[in-house]
Asks: 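One structure, pasted below without further comment.
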Amino acid sequence: MTDFTSVKNKVAIVTGASDGLGKAIAMCYAENGMKVVVSDIDAEKGHSVVEEIKASGGEASFIKTDVSKEEDVKELIDFAIETYGRLDGIVNNAGISAESRPTHEYSLAEFDKLTSIDLKGVFLGMKFGVEAILKSKASGGFVVNVASLAGLLGNSSMAIYTSAKHGVVGLTKSAALDYAPYNITVNAICPGTIKTSIWRNAPEEVIQQYAKLLSPNGRLGDPKEVAHLALFLASDLARYISGSAITVDAGSSAGKLTPTQWSHPEILD
Ligand SMILES: NC(=O)c1ccc[n+]([C@@H]2O[C@H](COP(=O)([O-])OP(=O)(O)OC[C@H]3O[C@@H](n4cnc5c(N)ncnc54)[C@H](O)[C@@H]3O)[C@@H](O)[C@H]2O)c1
């Protein structure tokens, strides 16, 4: 079967689903017949995501969760089981970024805050989420961790974010080996520069400048372009893919960009 009907009725949690990539993933899952637990620290926006999903005929529920708190994550998993009776997958997406500055200028408080969400939050989602997926005896369970290109490459002035995202890729690879015998896949998505709320207040010319600088195809990614990979990884089409850190970046991590000399530029006319 080469379509996505295998995801129908699967129950999935998406963290950080009130906005940005998490919202796009939650909407895409629901559009394809999955039952989605929308979870986020922002309850107001989270409820409106659920309303949007329901208005288009999908099934979803909201619970407020701070992924850096063990009790909250336990409650999130219990809520999913109480609401839908089982859990097939979890998308650990919630994350924050930090201001850019050289490594020695970050405070320990900044390091602790960022890693408590971007790394500990993913660990907690996996710890309690996988346990529930195992208990659900899911035939085709999945974990999708949203890392970043910063999980694969170093970045100047971004040491703490980069270290947390490298940690997410490490968690992903190790857990993939732990759960392969139980038919649970564990993968990381590594987005490049995607147009989410972080760009909301930026003037269009600044966005264009960044797009030229950071993306070989000259534009920022659309959150839906990340959601489509998350959908594929949730489906039975991806059962032999595990432990992978997959980029969604228009090729920006493939190598260095150098100016291209076309011998026959007229073919572009
Ligand atoms: N947008 C990009 O270009 C990009 C690139 C690489 C990786 N990422 C990663 O993608 C993920 C989503 O980023 P985004 O761009 O959609 O950001 P976003 O700010 O648009 O959305 C993040 C969501 O996470 C929620 N959140 C923040 N702290 C939380 C907490 N403690 N507990 C629960 N929810 C919390 C926010 O309320 C928000 O709804 C992050 O992990 C981010 O690091 C984004």
Side-chain angles (χ1 to χ4, degrees), residues 13-28 37-50 52 62-77 79 90-100 112-126 128-129 144-153 155 158 160-169 171-172 188-202 207 210-211 213-215 219-227 229-230 245-250 252-253:
I13 291 170
V14 184
T15 69
S18 290
D19 210 340
L21 304 185
K23 177 180 175 184
I25 294 168
M27 304 283 298
C28 178
V37 177
V38 171
S39 120
D40 201 287
I41 201 163
D42 185 331
E44 201 182 321
K45 282 194 193 167
H47 282 297
S48 57
V49 171
V50 167
E52 230 179 291
F62 176 78
I63 179 168
K64 182 174 174 172
T65 310
D66 178 344
V67 294
S68 68
K69 297 196 172 134
E70 185 175 10
E71 278 314 307
D72 276 28
V73 179
K74 274 188 194 163
E75 271 176 36
L76 163 64
I77 306 300
F79 174 79
I90 181 162
V91 180
N92 294 300
N93 162 78
I96 58 167
S97 52
E99 277 180 31
S100 297
D112 285 344
K113 182 179 175 200
L114 185 132
T115 55
S116 75
I117 297 170
D118 289 26
L119 182 58
K120 188 170 86 175
V122 173
F123 168 70
L124 290 172
M126 290 178 69
F128 297 111
V144 173
N145 295 324
V146 180
S148 168
L149 287 193
L152 303 171
L153 302 166
N155 287 278
M158 283 175 66
I160 56 178
Y161 181 76
T162 302
S163 65
K165 292 299 186 179
H166 270 69
V168 170
V169 172
L171 279 174
T172 302
I189 296 181
C190 298
T193 313
I194 315 294
K195 200 171 173 185
T196 60
S197 58
I198 45 174
W199 298 97
R200 191 167 291 142
N201 297 320
I207 294 177
Y210 267 88
L213 190 71
L214 298 174
S215 186
R219 69 170 175 86
L220 302 187
D222 186 292
K224 283 185 185 160
E225 293 175 301
V226 175
L229 175 58
I246 305 171
T247 59
V248 184
D249 68 347
S252 66
S253 57

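Note that ligands are numbered from 1 as they come in the structure, with each ligand's atoms numbered from 1 the same way. Since this is a predicted model, take the numbers as computed values, not measurements.
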Asks: Would you say Ala17 has any N or O atom under 3.5 Å from an N or O of ligand 1, going by distance alone?
Replies: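 Not met; the criterion fails.
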Asks: Measure the spacing between CD1 of Ile96 and CG of Leu114 and express it to the nearest 0.5 Å.
Replies: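 Separation between the atoms: 4.5 Å.
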Asks: Which of the atoms in ligand 1, numbered in the order shown and given with their element, are less than 4.0 Å from a heavy-atom of Gly20?
Replies: 16 (O), 20 (O)
Asks: Among all protein heavy atoms in this structure, tell me which lies nearest to atom 12 (C) of ligand 1, with the distance rounded to 0.1 Å.
Replies: Asn93 OD1, 3.3 Å
Asks: In terms of residue, atom name and distance, what is the protein heavy atom nearest to atom 44 (C) of ligand 1?
Replies: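 The closest heavy atom on the protein side is Leu21 CD1, 3.8 Å.
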Asks: Using a 4.0 Å heavy-atom cut-off, say whether Lys195 meets ligand 1 through its side chain, its backbone, both or neither.
Replies: neither
Asks: Near Lys165, which atoms of ligand 1 are under 4.0 Å from a heavy atom of that residue?
Replies: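 By the 4.0 Å cutoff, the relevant atoms are 40 (C), 41 (O), 42 (C), 43 (O).
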Asks: Considering heavy atoms of the protein only, find what lies nearest to atom 24 (O) of ligand 1 and give residue, atom and distance to 0.1 Å.
Replies: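 The closest one turns out to be Gly16 CA, 3.5 Å.
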Asks: So which bit of Ile194 gets within less than 4.0 Å of ligand 1, heavy atoms only: side chain, backbone, both or neither?
Replies: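 Contact part for Ile194 vs ligand 1: both backbone and side chain.
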Asks: What is the closest protein heavy atom to atom 43 (O) of ligand 1, and at what distance does it sit?
Replies: Tyr161 OH, 2.6 Å
Asks: Who's the nearest protein heavy-atom neighbour of atom 4 (C) of ligand 1, and how far?
Replies: Gly192 O, 4.0 Å
Asks: Measuring from non-hydrogen atoms of Gly46 to any atom of ligand 1, is the shortest distance under 4.0 Å?
Replies: no
Asks: Just to confirm my output: which protein heavy-atom neighbour is closest to atom 19 (O) of ligand 1, and how far is it?
Replies: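 Of the protein heavy atoms, Ser197 OG, 3.3 Å lies nearest.
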